[in-house]
Amino acid sequence: MKITLLGTGSPLPSATCAGPSTLVQADNQHILVDAGRSVVMRLLAAGCPPPFVSAVLLTHLHSDHISDLNDVITTRWIASPAATPLPIYGPIGTKKMVDGLLAMLSQDEGYRLAHHTDLRAAGGMKLEVHEIEASHTFAIGGVSISVHSTDHRPVAPTIGFRIEHAGTVAALAGDTIPCEGLYGMCKDADFYVQTVIREDQVRALAPLVPTGARFLDIIDYHSTVQQAAQTATKCGVKTLVLTHFVPAIQPGGEAEWHAMAAEFFTGDIIIGPDLTFVEK
Ligand SMILES: [Zn+2]
Ligand SMILES: [Zn+2]
């Protein structure tokens, strides 16, 4: 199994970090978890053009996690030789969001259908949307996936995914604070991928920006670096992979983030730029 951090950013625009998105590859399947800003560029850089995407899994419907889903849908459709439906799995509300995206894309779809005989013959853009909840299980090829509840309130429902293949387990959490659903999902996992914020830096920056009050609001519904490390220890995971850095890590700043996590977790800790990957 190979896990690639396609985008390690957040809603805050960054010149170097794409939006939150992670690629899980196993059993010749290419599973995209969330689809943030610039995800298609990062898919290319990871050697996985959109036609190869087997399925999209969404942890929640916050804009930073879905902002380029439309690009994945359109590019996969027009670049695929055959009309293979794209499965999209997400929490309740995903159908409404995808219906809205399809409405947005309908004029473009019409132009392309009018222009390309083979796309027209294949019957247009095809998606299979599955709204899923905690305790649901499904498979993408030979990869097994179970759905777990997370806590990102007032955003609800939010979910995470325990992904298993050939004895390797990855837990992909999305935005959440520590909670029972997260603990169950991470139990003894080889890899635990967690979106994190630096509470100390958010508190330091808030007074300096005009939207400071809004910035402070984000503290109560994300895991801090330390909380992610505590969850990793509590659940006996082997490797902690941090992503969704708020604020973006300054050049050379990784060591400080690493040290904060290492205070609470003695296993491997991965903190890297976009396209950092782990493999087992
Ligand atoms: Zn987020
Ligand atoms: Zn969120």
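For the single chain, residues carry numbers from 1 onward in sequence order. When a ligand or atom number is given, it counts from 1 through the structure's own listing order.
- By the rule that hydrophobic residues join a cluster once side-chain heavy atoms approach within less than 4.5 Å of another member, Val40 and Ile88 end up as members of one cluster.
- Around the Zn ion (ligand 1), protein N, O or S atoms at less than 2.8 Å comprise Asp64 OD2, His65 NE2, Asp175 OD2, His244 NE2.
- Surrounding CZ of Phe264 are more than 12 heavy atoms belonging to other residues, nucleotides or ligands, all under 6.0 Å away.
- The aromatic rings of His62 and Tyr221 sit perpendicular to each other, their planes meeting at more than 60°, with 30° as the lower class boundary.
- Side-chain contact check for Asp64 and Ser10: no donor-acceptor pair (N or O, by modelled atom type) lies under 3.5 Å.
- Taking 4.5 Å as the limit, some side-chain heavy atom of Arg37 sits within range of a side-chain heavy atom of Pro13.
- Classification of the Tyr89-His130 ring pair by plane angle, with boundaries at 30° and 60°, yields parallel.
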